Amino acid sequence: MTELRQRVGREQEEEDKLPYVPSTFQETETEAESEVKTDGETASDSESKTDTGGTQQGTPTDDTPEVLNRALANLSSRWKNWWVRGILTLAMIGFFFIIIYLGPIVLMMIVMCVQIKCFQEIIMIGYNVYHSYDLPWFRTLSWYFLLCVNYFFYGETVTDYFFTLVQREEPLRILSKYHRFISFALYLLGFCMFVLSLVKKHYRLQFYMFGWTHVTLLIVVTQSHLIIHNLFEGMIWFIVPISCVICNDIMAYMFGFFFGRTPLIKLSPKKTWEGFIGGFFSTVVFGLLLSYVMAGYSYFVCPVEFNNDTNRFTVDCEPSELFQLHEYHIPELFHSVIGWKTVWMYPFQIHSIALSTFASLIGPFGGFFASGFKRAFKIKDFADTIPGHGGIMDRFDCQYLMATFVNVYIASFIRGPNPSKLIQQFLTLRPDQQIQMFNTLKSHLTEKGILGNDNGV
């Protein structure tokens with residue numbers, strides 16, 4: 001009994017020696033205070049940080065292309081950074097125009113690639129934090145869960161938007177019918193693999209990383225799925241929100257660079273009130289102008305649908321009332337100011353005000369959240385994929401929050417019952433159920449007076 005008690009005591013001591021939080025997580029008051037420089041300014045992104053897998057803040061590496069380094073060699077670091085960011089921003093905007101031109105399929109593929117890269121950047125931070133512990137199966141299980149979640153979400157999308165094609169092919173029809181059961185079974189397999197991988201001395205850390213993976217999936221995969229759903233509603237619902245976030249990011253940086261004096265938030269010391277306010281007004285004006293231009297083209301406003309005859313995506317339709325010019329009366333209070341009594345606008349432009357307002361007032365909190373995350377792990381950027389900008393996640397931290405808002409906004413204020421989807425569901429019923437539905441609908445229309453008793457319209 002004495003030996004048994006001694007053995008239990010030793011095991012308990014070993015368990016207690018495991019850190020509740022690794023040292024890379026700990027942030028003392030001294031470290032927090034050190035974020036204020038000796039000259040009174042808040043610390044910038046060049047602070048010294050420990051290595052956790054992102055771009056270090058200690059001795060930063062210059063990832064600027066050599067051609068830009070030579071061209072900007074005579075400039076100060078402040079103006080050099082301004083030009084590098086500006087040039088690469090224009091390059092990314094040009095790439096954005098190209099993928100828009102290539103159509104919705106390419107846009108969906110780009111969204112998928114961005115999702116995978118963002119997931120990889122966040123997971124790698126966690127992996128590098130814990131690499132010395134040699135956690136079994138961590139990266140394998142992380143990518144497996146990514147595969148499972150994508151199978152579930154994109155399977156739902158295929159069933160929803162490619163219903164006729166799915167019903168036409170027997171293997172697809174079976175996969176569609178049992179899609180959720182298959183998805184759950186795949187997840188259970190990963191869950192069991194995780195339980196089997198548990199190692200006594202690493203219990204706590206393994207559960208940390210299990211939660212890390214699932215939160216990353218929630219943030220990245222779910223939001224990218226919503227982006228694709230927004231795209232199916234019409235490319236304008238994809239392009240305008242993303243462009244508003246980009247515009248706000250650029251204009252807030254410009255106003256902050258030239259006029260910024262008042263710090264906005266401690267989590268992101270370079271953000272200023274001048275940039276925040278200037279970005280807001282610029283984004284609202286930009287959203288109105290961009291919406292006016294795009295609302296006139298059916299290519300942008302029509303829902304993305306799959307044509308079963310040609311087996312291709314189409315964006316051809318009769319634009320809804322939302323994308324037709326209407327005359328609006330201006331309040332008399334503003335008549336003397338602008339000299340107009342009425343103005344012709346697309347109703348979508350009014351919705352664009354809500355989108356641009358969210359992009360400029362609430363969207364930046366996605367960036368603040370990312371800044372807090374990076375400070376927690378003492379890194380400057382999620383990665384160094386884009387010189388002057390950091391990783392892909394650094395560019396899309398606000399976009400994911402925007403995607404959720406747009407999806408909720410469409411469901412709440414725009415989308416109504418979809419007749420084509422109702423017909424698709426009706427056709428899957430048994431013949432006796434279809435007849436019952438027909439008789440119920442006939443009786444309802446007769447009571448409303450839409451159909452006469454002689455069954456004539």
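Heavy-atom basis, side chains included; hydrogens, waters and symmetry copies ignored. Nothing fancy with the numbering, it's 1 onward along the sequence. Computed from a predicted structure; not experimentally measured.
Closest approach of Q206 and L198 over heavy atoms only: OE1-CA, 3.3 Å. The two residues V111 and S224 make their nearest non-hydrogen contact at CG1-O, 3.8 Å. Here the closest non-hydrogen pair linking D394 and A383 is OD2-N, 3.9 Å. Between I123 and S142 the shortest heavy-atom distance is CD1-OG, 4.0 Å. For G155 against H179, the heavy-atom pair with the smallest separation is CA-CE1, 3.4 Å.
For F382 and F377, the ring centers sit 6.0 Å or farther from each other. A distance below 6.0 Å separates the ring centres of W79 and F257.
For the atom pair I277 CD1 and T262 OG1, the distance stands at 8.5 Å (nearest 0.5 Å). The CE atom of M294 sits 12.5 Å away from the CD atom of Q349 when rounded to the nearest 0.5 Å. Annotation: the span from Y346 atom OH to S291 atom OG amounts to 11.0 Å, rounded to 0.5 Å. Atom CD1 of residue I98 and atom CZ of residue F95 lie 7.5 Å apart, to the nearest 0.5 angstrom. Once rounded to the nearest 0.5 Å, the distance linking CG of L217 with CH2 of W212 reads 13.0 Å.
Between F210 and H214, the ring-plane angle classifies as tilted under the 30° and 60° cut-offs. Between F348 and F323, the ring planes lie tilted relative to each other; the angle falls in the 30° to 60° range. Aromatic ring orientation, F145 versus Y187: tilted (interplanar angle from 30° to 60°). Ring geometry, W273 versus F276: the interplanar angle exceeds 60°, so the pair is classed perpendicular (tilted spans 30 to 60°).
In this structure, F96 has no ring-ring contact (aromatic ring centres under 6.0 Å, His included) partners at least two apart in sequence or on a different chain. Applying the salt bridge (Lys or Arg N to Asp or Glu O under 4.0 Å) criterion to E274, with sequence neighbours excluded, gives no partner residue.
When side chains are defined from C-beta on, F286 does not count as touching L289, because their heavy atoms never get closer than 4.5 Å.
Although no hydrogens or angles enter the test, the distance criterion places no donor-acceptor pair under 3.5 Å between the side chain of S282 and the main chain of G279.
Tested against H225 for a ring-ring contact (aromatic ring centres under 6.0 Å, His included), the candidates Y151, F153, F152 yield a single pass: F153.
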For residues 356-369, dump all side-chain donor-acceptor pairs below 3.5 Å to protein atoms at least two apart in sequence or in another chain.
| unit_1 | atom_1 | unit_2 | atom_2 | d |
| --- | --- | --- | --- | --- |
| S356 | OG | S352 | O | 2.9 |
| S356 | OG | I353 | O | 3.1 |
| T357 | OG1 | I353 | O | 2.6 |
| S360 | OG | S356 | O | 2.8 |
| S360 | OG | T357 | O | 3.3 |

